[in-house]
**Student:** 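Have a look at the structure that comes next, please.
Both ligands and their constituent atoms are indexed starting at 1 by order of listing. Residues take their numbers from the sequence shown, with the count starting at 1.
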Amino acid sequence: MNRQSLIIDCDPGVDDAVALMLAFGAGEFELLAVTAVGGNVPVEKTARNARMLRQIAGREDVPVFAGAERPLRREPAGAGEFHGAEGLGDLAPFEPDAPCADGHAVDAIIDLVMARPERSVALAVMGPMTNLALALREAPELAARLGPVAVMGGARSEGGNITASAEFNIWADPEAAAEVLASGCEVVLFGLDATHQVRATEERIALLEAIGTAKAATAASMMRFSQRIEREIVGWPSLPEWGPPVHDPCPVAWLLKPALFELAPCHVRVETESELTRGHTAVEFREAVAGSLPHRWATAADADGVFALIAAAVGTTGTN
Ligand code: BDR
Ligand code: CA
(Lines give C-alpha, C1' and ligand atoms only; values in the text may rest on other atoms or scores of the structure.)
(Ligands and ions follow the chains in the order given, each with its own letter.)
Protein backbone atom coordinates (compact mmCIF):
# COMPACT_ATOMS: atom_id res chain seq x y z
CA MET A 1 0.00 0.00 0.00
CA ASN A 2 1.14 3.54 -0.79
CA ARG A 3 0.87 5.16 2.63
CA GLN A 4 0.16 8.86 3.20
CA SER A 5 2.99 10.52 5.14
CA LEU A 6 1.48 12.50 7.99
CA ILE A 7 2.48 14.79 10.85
CA ILE A 8 -0.12 15.43 13.56
CA ASP A 9 0.10 18.76 15.38
CA CYS A 10 -2.14 18.70 18.45
CA ASP A 11 -2.94 19.77 22.02
CA PRO A 12 -4.47 16.69 23.67
CA GLY A 13 -7.27 17.33 24.68
CA VAL A 14 -9.99 14.68 24.77
CA ASP A 15 -10.95 14.95 21.10
CA ASP A 16 -7.29 15.18 20.06
CA ALA A 17 -6.92 11.87 21.92
CA VAL A 18 -9.62 10.25 19.79
CA ALA A 19 -7.95 11.63 16.65
CA LEU A 20 -4.62 10.17 17.76
CA MET A 21 -6.19 6.78 18.41
CA LEU A 22 -7.67 6.93 14.92
CA ALA A 23 -4.34 7.84 13.34
CA PHE A 24 -2.29 5.38 15.41
CA GLY A 25 -4.56 2.54 14.34
CA ALA A 26 -4.93 3.44 10.66
CA GLY A 27 -2.50 1.45 8.54
CA GLU A 28 -2.98 3.92 5.67
CA PHE A 29 -0.61 6.43 7.30
CA GLU A 30 3.13 6.66 7.56
CA LEU A 31 3.08 8.65 10.81
CA LEU A 32 6.22 10.75 10.79
CA ALA A 33 5.68 12.58 14.08
CA VAL A 34 3.25 13.95 16.58
CA THR A 35 4.02 17.56 17.49
CA ALA A 36 2.49 19.11 20.60
CA VAL A 37 1.47 22.71 21.18
CA GLY A 38 0.15 24.62 24.18
CA GLY A 39 -3.62 24.93 23.81
CA ASN A 40 -6.23 23.07 25.79
CA VAL A 41 -3.60 22.69 28.55
CA PRO A 42 0.05 23.86 28.66
CA VAL A 43 2.53 22.22 26.32
CA GLU A 44 4.26 20.19 29.08
CA LYS A 45 0.93 18.45 29.54
CA THR A 46 -0.04 18.17 25.86
CA ALA A 47 3.36 16.62 25.07
CA ARG A 48 3.06 14.22 28.00
CA ASN A 49 -0.51 13.38 27.00
CA ALA A 50 0.58 12.64 23.43
CA ARG A 51 3.23 10.28 24.83
CA MET A 52 0.69 8.62 27.15
CA LEU A 53 -1.64 8.03 24.21
CA ARG A 54 1.22 6.76 22.04
CA GLN A 55 2.12 4.24 24.76
CA ILE A 56 -1.49 3.08 25.18
CA ALA A 57 -1.67 2.56 21.41
CA GLY A 58 1.66 0.72 21.31
CA ARG A 59 3.08 3.25 18.83
CA GLU A 60 6.40 4.22 20.42
CA ASP A 61 7.83 4.09 16.90
CA VAL A 62 6.26 7.53 16.32
CA PRO A 63 8.34 10.41 17.74
CA VAL A 64 6.62 13.07 19.84
CA PHE A 65 8.10 16.58 19.75
CA ALA A 66 7.18 19.37 22.17
CA GLY A 67 6.48 22.74 20.55
CA ALA A 68 5.30 26.26 21.25
CA GLU A 69 4.45 27.14 24.82
CA ARG A 70 2.42 30.19 23.97
CA PRO A 71 0.60 31.86 21.08
CA LEU A 72 2.45 34.32 18.83
CA ARG A 73 1.05 37.44 20.50
CA ARG A 74 -1.63 36.46 23.01
CA GLU A 75 -1.63 35.11 26.51
CA PRO A 76 -2.01 31.31 26.64
CA ALA A 77 -5.72 30.50 26.89
CA GLY A 78 -6.57 26.95 28.02
CA ALA A 79 -9.78 24.94 27.82
CA GLY A 80 -9.34 22.75 30.89
CA GLU A 81 -13.03 23.02 31.72
CA PHE A 82 -13.82 20.93 28.61
CA HIS A 83 -10.85 18.54 28.85
CA GLY A 84 -10.09 18.20 32.57
CA ALA A 85 -7.21 19.84 34.43
CA GLU A 86 -4.68 17.38 32.96
CA GLY A 87 -6.24 17.42 29.49
CA LEU A 88 -7.40 13.82 29.11
CA GLY A 89 -10.66 13.80 31.02
CA ASP A 90 -10.95 10.89 33.45
CA LEU A 91 -7.72 9.23 32.31
CA ALA A 92 -5.30 9.43 35.25
CA PRO A 93 -1.99 10.95 34.18
CA PHE A 94 1.15 8.79 34.27
CA GLU A 95 4.74 9.38 33.24
CA PRO A 96 5.17 7.53 29.94
CA ASP A 97 8.16 5.20 29.46
CA ALA A 98 9.50 6.99 26.39
CA PRO A 99 10.51 10.67 26.45
CA CYS A 100 9.92 13.40 23.90
CA ALA A 101 12.24 13.32 20.89
CA ASP A 102 15.15 15.76 20.97
CA GLY A 103 14.54 19.08 19.30
CA HIS A 104 11.66 21.51 18.88
CA ALA A 105 8.41 20.67 17.10
CA VAL A 106 8.89 23.61 14.71
CA ASP A 107 12.26 22.30 13.51
CA ALA A 108 10.88 18.77 13.29
CA ILE A 109 8.07 19.93 10.99
CA ILE A 110 10.50 21.80 8.73
CA ASP A 111 13.08 18.99 8.62
CA LEU A 112 10.57 16.19 8.01
CA VAL A 113 8.72 18.04 5.26
CA MET A 114 11.80 19.43 3.50
CA ALA A 115 13.45 16.00 3.45
CA ARG A 116 10.58 14.42 1.52
CA PRO A 117 9.23 14.88 -2.00
CA GLU A 118 7.23 18.02 -2.70
CA ARG A 119 3.59 17.86 -1.53
CA SER A 120 4.00 14.36 -0.14
CA VAL A 121 3.60 15.13 3.59
CA ALA A 122 0.17 16.02 4.95
CA LEU A 123 -0.25 17.91 8.19
CA ALA A 124 -3.27 17.52 10.47
CA VAL A 125 -3.50 20.51 12.82
CA MET A 126 -5.93 20.19 15.70
CA GLY A 127 -4.80 22.85 18.15
CA PRO A 128 -3.81 26.53 17.88
CA MET A 129 -1.72 26.91 14.69
CA THR A 130 1.33 28.34 16.48
CA ASN A 131 3.79 25.58 15.54
CA LEU A 132 2.99 25.75 11.83
CA ALA A 133 3.04 29.56 11.78
CA LEU A 134 6.49 29.55 13.41
CA ALA A 135 7.70 26.92 10.94
CA LEU A 136 6.49 29.06 8.01
CA ARG A 137 8.23 32.12 9.44
CA GLU A 138 11.47 30.18 9.68
CA ALA A 139 11.12 28.43 6.33
CA PRO A 140 8.59 30.16 4.01
CA GLU A 141 9.45 27.61 1.30
CA LEU A 142 7.55 25.08 3.40
CA ALA A 143 4.24 26.41 2.01
CA ALA A 144 5.01 25.10 -1.48
CA ARG A 145 6.50 21.91 -0.12
CA LEU A 146 3.69 20.77 2.18
CA GLY A 147 0.85 18.52 1.10
CA PRO A 148 -2.64 19.31 2.36
CA VAL A 149 -2.89 21.02 5.72
CA ALA A 150 -6.08 19.63 7.27
CA VAL A 151 -7.13 21.88 10.13
CA MET A 152 -9.72 21.55 12.86
CA GLY A 153 -10.68 25.14 13.33
CA GLY A 154 -13.06 27.92 12.49
CA ALA A 155 -16.67 28.92 12.88
CA ARG A 156 -19.19 30.22 10.37
CA SER A 157 -22.84 29.11 10.19
CA GLU A 158 -22.79 27.47 13.62
CA GLY A 159 -21.37 30.49 15.42
CA GLY A 160 -18.50 30.09 17.88
CA ASN A 161 -17.83 27.84 20.84
CA ILE A 162 -15.48 30.07 22.85
CA THR A 163 -17.11 33.40 21.95
CA ALA A 164 -20.18 34.22 19.89
CA SER A 165 -17.99 34.50 16.79
CA ALA A 166 -15.01 32.23 17.22
CA GLU A 167 -13.95 28.62 17.54
CA PHE A 168 -11.36 27.86 20.24
CA ASN A 169 -8.31 26.86 18.14
CA ILE A 170 -8.46 29.94 15.93
CA TRP A 171 -9.39 32.26 18.83
CA ALA A 172 -6.48 30.97 20.95
CA ASP A 173 -3.89 32.11 18.38
CA PRO A 174 -5.61 34.18 15.68
CA GLU A 175 -2.35 35.67 14.38
CA ALA A 176 -0.95 32.18 13.76
CA ALA A 177 -4.09 31.14 11.88
CA ALA A 178 -4.00 34.33 9.82
CA GLU A 179 -0.35 33.78 8.88
CA VAL A 180 -0.91 30.15 7.90
CA LEU A 181 -3.93 31.04 5.78
CA ALA A 182 -1.99 33.79 4.00
CA SER A 183 1.08 31.61 3.40
CA GLY A 184 -0.08 29.86 0.24
CA CYS A 185 -0.43 26.45 1.88
CA GLU A 186 -3.29 24.27 0.71
CA VAL A 187 -5.55 24.48 3.78
CA VAL A 188 -8.73 22.46 4.34
CA LEU A 189 -10.69 23.69 7.33
CA PHE A 190 -12.97 21.49 9.40
CA GLY A 191 -14.78 24.12 11.45
CA LEU A 192 -17.78 23.80 13.72
CA ASP A 193 -20.16 23.70 10.72
CA ALA A 194 -18.84 20.21 9.99
CA THR A 195 -17.65 18.97 13.39
CA HIS A 196 -20.99 19.70 15.05
CA GLN A 197 -22.41 17.08 12.70
CA VAL A 198 -20.09 14.43 14.18
CA ARG A 199 -21.48 13.64 17.61
CA ALA A 200 -20.70 10.93 20.11
CA THR A 201 -24.21 9.63 20.65
CA GLU A 202 -24.90 7.12 23.41
CA GLU A 203 -25.14 4.36 20.80
CA ARG A 204 -21.79 5.23 19.19
CA ILE A 205 -19.97 5.41 22.54
CA ALA A 206 -21.46 2.08 23.61
CA LEU A 207 -20.27 0.46 20.35
CA LEU A 208 -16.71 1.61 21.03
CA GLU A 209 -16.90 0.40 24.64
CA ALA A 210 -17.90 -3.05 23.42
CA ILE A 211 -14.75 -3.44 21.25
CA GLY A 212 -12.46 -4.34 24.11
CA THR A 213 -9.03 -2.98 23.06
CA ALA A 214 -7.05 -0.39 25.04
CA LYS A 215 -7.35 2.07 22.15
CA ALA A 216 -11.13 1.65 21.99
CA ALA A 217 -11.51 1.98 25.77
CA THR A 218 -9.41 5.15 25.73
CA ALA A 219 -11.36 6.72 22.86
CA ALA A 220 -14.67 5.82 24.53
CA SER A 221 -13.56 7.20 27.90
CA MET A 222 -12.75 10.57 26.24
CA MET A 223 -16.27 10.68 24.80
CA ARG A 224 -17.90 9.69 28.10
CA PHE A 225 -16.05 12.55 29.79
CA SER A 226 -17.22 15.02 27.10
CA GLN A 227 -20.74 13.67 27.39
CA ARG A 228 -20.79 14.46 31.13
CA ILE A 229 -19.04 17.83 30.82
CA GLU A 230 -21.06 19.12 27.86
CA ARG A 231 -24.23 18.18 29.73
CA GLU A 232 -23.07 20.25 32.70
CA ILE A 233 -21.67 23.23 30.79
CA VAL A 234 -23.78 23.65 27.66
CA GLY A 235 -26.91 21.63 28.50
CA TRP A 236 -28.39 18.63 26.78
CA PRO A 237 -31.40 18.48 24.46
CA SER A 238 -33.20 15.16 25.03
CA LEU A 239 -32.71 13.87 21.50
CA PRO A 240 -31.23 10.43 20.75
CA GLU A 241 -28.96 11.89 18.05
CA TRP A 242 -27.45 14.38 20.52
CA GLY A 243 -23.98 13.92 21.94
CA PRO A 244 -20.78 15.91 22.39
CA PRO A 245 -19.14 16.98 19.12
CA VAL A 246 -16.02 15.01 18.21
CA HIS A 247 -14.04 17.73 16.47
CA ASP A 248 -10.42 16.67 16.00
CA PRO A 249 -10.84 13.30 14.29
CA CYS A 250 -12.46 15.08 11.32
CA PRO A 251 -9.26 16.19 9.53
CA VAL A 252 -7.72 12.76 10.05
CA ALA A 253 -10.89 11.05 8.80
CA TRP A 254 -10.84 13.27 5.70
CA LEU A 255 -7.27 12.26 4.92
CA LEU A 256 -8.35 8.63 5.19
CA LYS A 257 -11.62 8.95 3.27
CA PRO A 258 -12.29 12.31 1.57
CA ALA A 259 -15.76 11.21 0.44
CA LEU A 260 -16.99 11.52 4.04
CA PHE A 261 -17.00 15.32 3.78
CA GLU A 262 -18.39 17.96 1.48
CA LEU A 263 -15.91 20.77 0.84
CA ALA A 264 -16.34 24.13 -0.85
CA PRO A 265 -13.49 26.22 -2.31
CA CYS A 266 -13.19 29.54 -0.54
CA HIS A 267 -10.92 32.25 0.81
CA VAL A 268 -10.66 32.35 4.61
CA ARG A 269 -9.40 35.30 6.60
CA VAL A 270 -9.15 35.62 10.37
CA GLU A 271 -10.13 38.59 12.52
CA THR A 272 -7.16 39.73 14.58
CA GLU A 273 -8.00 43.36 15.39
CA SER A 274 -11.36 43.35 17.14
CA GLU A 275 -11.64 41.96 20.66
CA LEU A 276 -15.35 41.32 20.15
CA THR A 277 -14.89 39.09 17.11
CA ARG A 278 -11.28 37.95 17.72
CA GLY A 279 -10.59 34.74 15.83
CA HIS A 280 -13.71 34.90 13.66
CA THR A 281 -13.18 33.11 10.35
CA ALA A 282 -14.54 35.14 7.44
CA VAL A 283 -15.24 32.50 4.79
CA GLU A 284 -15.70 33.94 1.33
CA PHE A 285 -17.32 31.62 -1.21
CA ARG A 286 -17.99 34.14 -3.96
CA GLU A 287 -15.83 33.01 -6.79
CA ALA A 288 -14.33 36.35 -7.80
CA VAL A 289 -12.78 36.64 -4.34
CA ALA A 290 -12.42 32.98 -3.43
CA GLY A 291 -10.66 31.94 -6.63
CA SER A 292 -7.15 32.99 -5.76
CA LEU A 293 -6.37 31.11 -2.56
CA PRO A 294 -6.09 27.35 -2.02
CA HIS A 295 -8.58 27.09 0.84
CA ARG A 296 -11.50 24.72 1.29
CA TRP A 297 -14.20 24.75 3.96
CA ALA A 298 -16.05 21.63 5.13
CA THR A 299 -19.80 22.14 4.96
CA ALA A 300 -21.02 18.62 5.71
CA ALA A 301 -19.76 15.44 7.35
CA ASP A 302 -20.89 11.81 7.30
CA ALA A 303 -20.82 11.08 11.04
CA ASP A 304 -21.54 7.35 10.70
CA GLY A 305 -18.65 7.11 8.25
CA VAL A 306 -16.28 8.91 10.63
CA PHE A 307 -17.29 6.64 13.51
CA ALA A 308 -16.87 3.56 11.31
CA LEU A 309 -13.26 4.64 10.65
CA ILE A 310 -12.64 5.23 14.37
CA ALA A 311 -14.13 1.82 15.27
CA ALA A 312 -11.98 0.06 12.65
CA ALA A 313 -8.80 1.83 13.76
CA VAL A 314 -9.23 1.24 17.49
CA GLY A 315 -10.34 -2.36 16.93
CA THR A 316 -6.80 -3.36 16.02
CA THR A 317 -4.18 -4.15 18.64
CA GLY A 318 -0.46 -3.35 18.53
CA THR A 319 1.49 -1.55 15.86
CA ASN A 320 0.36 -0.93 12.32
C1 BDR B 1 -11.25 22.53 19.38
O2 BDR B 1 -10.90 23.18 20.60
C3 BDR B 1 -10.27 22.29 21.46
O4 BDR B 1 -10.71 22.51 22.77
C5 BDR B 1 -10.57 20.91 20.95
O6 BDR B 1 -9.53 20.01 21.25
C7 BDR B 1 -10.70 21.12 19.47
O8 BDR B 1 -9.45 21.05 18.83
C9 BDR B 1 -12.73 22.62 19.19
O10 BDR B 1 -13.13 23.95 19.13
CA1 CA C 1 -7.51 20.10 19.94
**Student:** Quick one: the OD2 of D16, the Ca ion (ligand 2), OD1 of D11 angle, rounded to 10°, please.
**Tutor:**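 Between OD2 of D16 and OD1 of D11, at the Ca ion (ligand 2), the angle is about 70°.
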
**Student:** Would you mind running through ligand 1 and noting each atom that sits below 4.0 Å from a heavy atom of H247?
**Tutor:** 9 (C)

**Student:** Contact between R48 and E86 at the side-chain level, heavy atoms closer than 4.5 Å - yes or no?
**Tutor:** yes

**Student:** Below a 4.0 angstrom heavy-atom separation, can you tell me which part of V14, side chain or backbone, both or neither, approaches ligand 1?
**Tutor:**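 It is neither part, as no heavy atom is under 4.0 Å.
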
**Student:** Would you say the side chain of V252 lies within less than 4.5 Å of the side chain of M126, judging by non-hydrogen atoms?
**Tutor:**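 The answer is yes, as the side chains (C-beta and beyond) meet within the 4.5 Å cut-off.
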
**Student:** Specify whether F190 and F261 have parallel, tilted or perpendicular ring planes, treating 30° as the upper limit for parallel and 60° as the lower limit for perpendicular.
**Tutor:**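 If you compare the ring of F190 with that of F261, the planes turn out perpendicular.
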
**Student:** Which of the atoms of ligand 1 are close to F168, meaning less than 4.0 Å from one of its heavy atoms?
**Tutor:**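 Going through ligand 1 atom by atom, the ones under 4.0 Å from F168 are 2 (O), 3 (C), 4 (O), 10 (O).
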
**Student:** Under 4.0 Å from a heavy atom of H83: give me the atoms of ligand 1 that qualify, with their elements.
**Tutor:**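 Every atom of ligand 1 under 4.0 Å from some heavy atom of H83: 3 (C), 4 (O), 5 (C), 6 (O).
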
**Student:** For atom 3 (C) of ligand 1, grab the closest protein heavy atom and report residue, atom and distance to one decimal in Å.
**Tutor:** N40 OD1, 3.2 Å

**Student:** Would one find an N or O of M126, backbone or side chain, under 3.5 Å from an N or O of ligand 1?
**Tutor:** yes

**Student:** If we only count N/O pairs under 3.5 Å, is N161 in contact with ligand 1?
**Tutor:** yes

**Student:** Does the structure place the NZ or CZ of R204 under 6.0 Å from the centre of the six-membered ring of F307, at an angle of no more than 45° from the ring's axis?
**Tutor:**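 The answer is yes; both the distance and angle limits are met.
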
**Student:** Taking C-beta and beyond as the side chain, do T46 and D16 meet within less than 4.5 Å on heavy atoms?
**Tutor:** no

**Student:** Give a yes or no on whether N169 keeps an N, O or S atom under 3.0 Å from the Ca ion (ligand 2).
**Tutor:**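 So N169 does not bind the Ca ion (ligand 2) by this criterion.
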
**Student:** CD of E203: more than 12 outside heavy atoms within 6.0 angstrom?
**Tutor:**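 At most 12 heavy atoms, drawn from other residues, nucleotides or ligands, come within 6.0 Å of this atom.
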
**Student:** Considering the heavy atoms of E167, write down every atom of ligand 1 situated less than 4.0 Å from one of them.
**Tutor:** 1 (C), 2 (O), 9 (C), 10 (O)

**Student:** Does a donor on one side chain sit under 3.5 Å from an acceptor on the other, for D193 and S157?
**Tutor:** yes

**Student:** Nearest non-hydrogen atom to atom 6 (O) of ligand 1 belongs to which of D11, T195, D15?
**Tutor:** D15

**Student:** Is there a donor-acceptor contact under 3.5 Å linking the side chains of H280 and S165?
**Tutor:** no

**Student:** Using a 4.0 Å cut-off to any heavy atom of M152, which atoms of ligand 1 qualify?
**Tutor:** 1 (C), 7 (C), 8 (O), 9 (C)

**Student:** Nearest to the Ca ion (ligand 2), which N, O or S atom of D248 do we find?
**Tutor:** OD2

**Student:** Nearest protein heavy atom to atom 8 (O) of ligand 1, by residue and atom, and its distance?
**Tutor:** D248 OD1, 2.7 Å

**Student:** Quick one, V37 and M129 - any side-chain contact, counting heavy atoms below 4.5 Å?
**Tutor:**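 A side-chain contact is absent here, since even the closest heavy-atom pair is not under 4.5 Å.
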
